[in-house]
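Report on one structure; see the data block that follows.
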Amino acid sequence: MDKISIANLPTKIEKLDLFSNQSVFIKRDDQTGMVTSGNKVRKLEYLLKDAQNKGCDYLITSGGIQSNHARATAAIAAKYHMKSLLILKESEINKNEGNLFFNKLVGAEIKLVSEEEYQDLTPIIEEVKKELTDSGHKPYVIPMGGSNGIGALGYVEAYDEILHQEEQLGMVFDTIVIANGSGGTYAGLLYGNKECNKSKNIIGISVLNQKKQAAHDILHILEDMNQYKSSPNSFIENEINIIDRYIGLGYGKSQIEELKFIEKFAHEEGIILDPVYTGKAMYGLYHELKNGSLQNSQNVLFIHTGGIFGWTDEKINMLYGSI
Ligand SMILES: Cc1ncc(COP(=O)(O)O)c(C=O)c1O
């Protein structure tokens, strides 16, 4: 399957100093772009191509009020002279900040839905699709997080990119760690691992769902990916390695110790993690390394999947108070 080239690739791999007695590297997928940054862009390169192939002119997607995926979709729609409609879950804090602000700046239409409506978006999506079609548009629906069989192809490609970088660096990463949300990033990497006959330990640190649900979602995406591959692969739940000990207070909710860890990491590395995804995942990796559960890993690669716009006032005030 083809793609539209949008992201700045390959993204750099850098050594981290914080883990002095262990070899830990970071892959800077937070630098795939600016408003089109993070892991979502790799997925959207394939999804946009599919939308264009089908002659669509409207991108519809959904997510939380501060969805990184929705923001990247909106920015890409603007760049490719398409329209975008974002169906976002209302929260107590619907402020014009972070991702929501950038959505508006790039001209996305925003439809806020209640928490209850968000549980099953099918009727709402069908309704907006009909409205758009009746007014002469051709909408293309991208699932939450861009996580379907097409979107996940972006991370099969990222897996290949890592193999090339290993050759250049003269080293092998036996363990890859990412933040896991809707599962597309994990699914793409695991698919790449199998397709290339490798046995890297791919670890997803969940920020959203418990292990069982996360694995179920990933298996579903893996199955969907087979449609786009000439020789299909099969997967079982046991191959999926999700750690669900670092969800903390729940999706999008922060604890002060997580934010303090992000601050410590920024001081030592000059790299900014986000509070919703990569901050929790790196916090998790730090503790897993500390408690010895990854002692068989020689070289660990953490993929920084972006999310900087998640630093909303609420999170900043938790760390530093309001001025
Ligand atoms: C910054 C960031 N990291 C990681 C993820 C998780 O990716 P996935 O939804 O593919 O599991 C997301 C998804 O929203 C994200 O925005």
Side-chain angles (χ1 to χ4, degrees), residues 7 11 26-47 61-75 86 88-89 98-100 102-103 142-159 176-192 202-209 211 213-222 224-225 240-244 246-247 251-252 262 271-285 302-312 315:
T11 54
I26 189 163
K27 183 164 172 63
R28 304 295 305 271
D29 274 18
D30 55 319
Q31 295 182 342
T32 48
M34 209 287 264
V35 270
T36 52
S37 60
N39 57 338
K40 302 306 175 189
V41 189
R42 289 192 188 260
K43 300 178 185 179
L44 286 163
E45 289 190 322
Y46 285 88
L47 291 160
T61 199
S62 54
I65 194 81
Q66 282 296 335
S67 164
N68 294 308
H69 160 70
R71 178 252 309 150
T73 304
L86 312 177
L88 304 179
K89 182 171 70 173
N99 287 304
L100 186 59
F102 284 106
N103 292 338
I142 301 176
M144 190 185 78
S147 286
N148 60 11
I150 298 178
L153 295 175
Y155 270 85
V156 179
E157 192 189 325
Y159 187 92
I176 298 180
V177 180
I178 52 146
N180 188 69
S182 57
T185 307
Y186 189 97
L189 292 169
L190 195 70
Y191 206 104
I202 317 251
I203 301 175
I205 301 193
S206 182
V207 300
L208 178 66
N209 290 319
K211 216 172 164 145
Q213 179 65 47
H216 173 269
D217 295 346
I218 291 166
L219 279 175
H220 186 73
I221 301 164
L222 287 164
D224 193 27
M225 292 175 77
I240 298 172
N241 190 358
I242 296 290
I243 296 177
D244 58 8
Y246 301 96
I247 301 173
Y251 175 76
I262 296 175
I271 296 174
I272 313 296
L273 301 167
D274 80 291
V276 181
Y277 294 93
T278 56
K280 282 187 181 175
M282 185 64 86
Y283 179 78
L285 172 59
F302 179 91
I303 306 183
H304 188 332
T305 42
I308 190 153
F309 304 120
W311 273 105
T312 55
K315 311 284 183 199

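Order of listing sets the numbers, starting from 1, for every ligand and every atom in it. Since we're looking at a predicted model, the values are computed, not measured.
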Q.
Please report the interatomic distance CD1(I65) to OG1(T312), rounded to the nearest 0.5 Å.
A. 11.5 Å
Q. How would you list, by chain and number, every residue that makes a salt bridge (charged side-chain N to carboxylate O under 4.0 Å, His left out) with K280, sequence neighbours excluded?
A. none
Distances for all N or O pairs of ligand 1 and the protein under 3.5 Å?
from	atom 1	to	atom 2	distance (Å)
ligand 1	3 (N)	T305	OG1	2.6
ligand 1	7 (O)	N39	ND2	3.0
ligand 1	7 (O)	T185	OG1	3.4
ligand 1	9 (O)	K40	NZ	3.2
ligand 1	9 (O)	S182	N	2.8
ligand 1	9 (O)	S182	OG	2.5
ligand 1	10 (O)	K43	NZ	2.6
ligand 1	10 (O)	G184	N	3.3
ligand 1	10 (O)	T185	N	3.0
ligand 1	10 (O)	T185	OG1	2.7
ligand 1	11 (O)	G181	N	2.7
ligand 1	11 (O)	S182	N	3.2
ligand 1	11 (O)	G183	N	2.9
ligand 1	14 (O)	K40	NZ	3.0
ligand 1	14 (O)	Y277	OH	3.0
ligand 1	16 (O)	N68	ND2	2.8

Q: Hey, could you give me the CG/OG distance between D217 and S182, rounded to the nearest 0.5 Å?
A: 8.0 Å
Q | Those residues that, when tested against D30, pass salt bridge (charged side-chain N to carboxylate O under 4.0 Å, His left out) (two or more places apart) | A | R28
Q: Just grab all the salt bridge (charged side-chain N to carboxylate O under 4.0 Å, His left out) pairs involving residues 66-75, residues at least two apart or on different chains.
A: none
Q. For the residue pair F302 and H304, does the interplanar ring angle fall in the parallel (under 30°), tilted (30 to 60°) or perpendicular (over 60°) class?
A. perpendicular
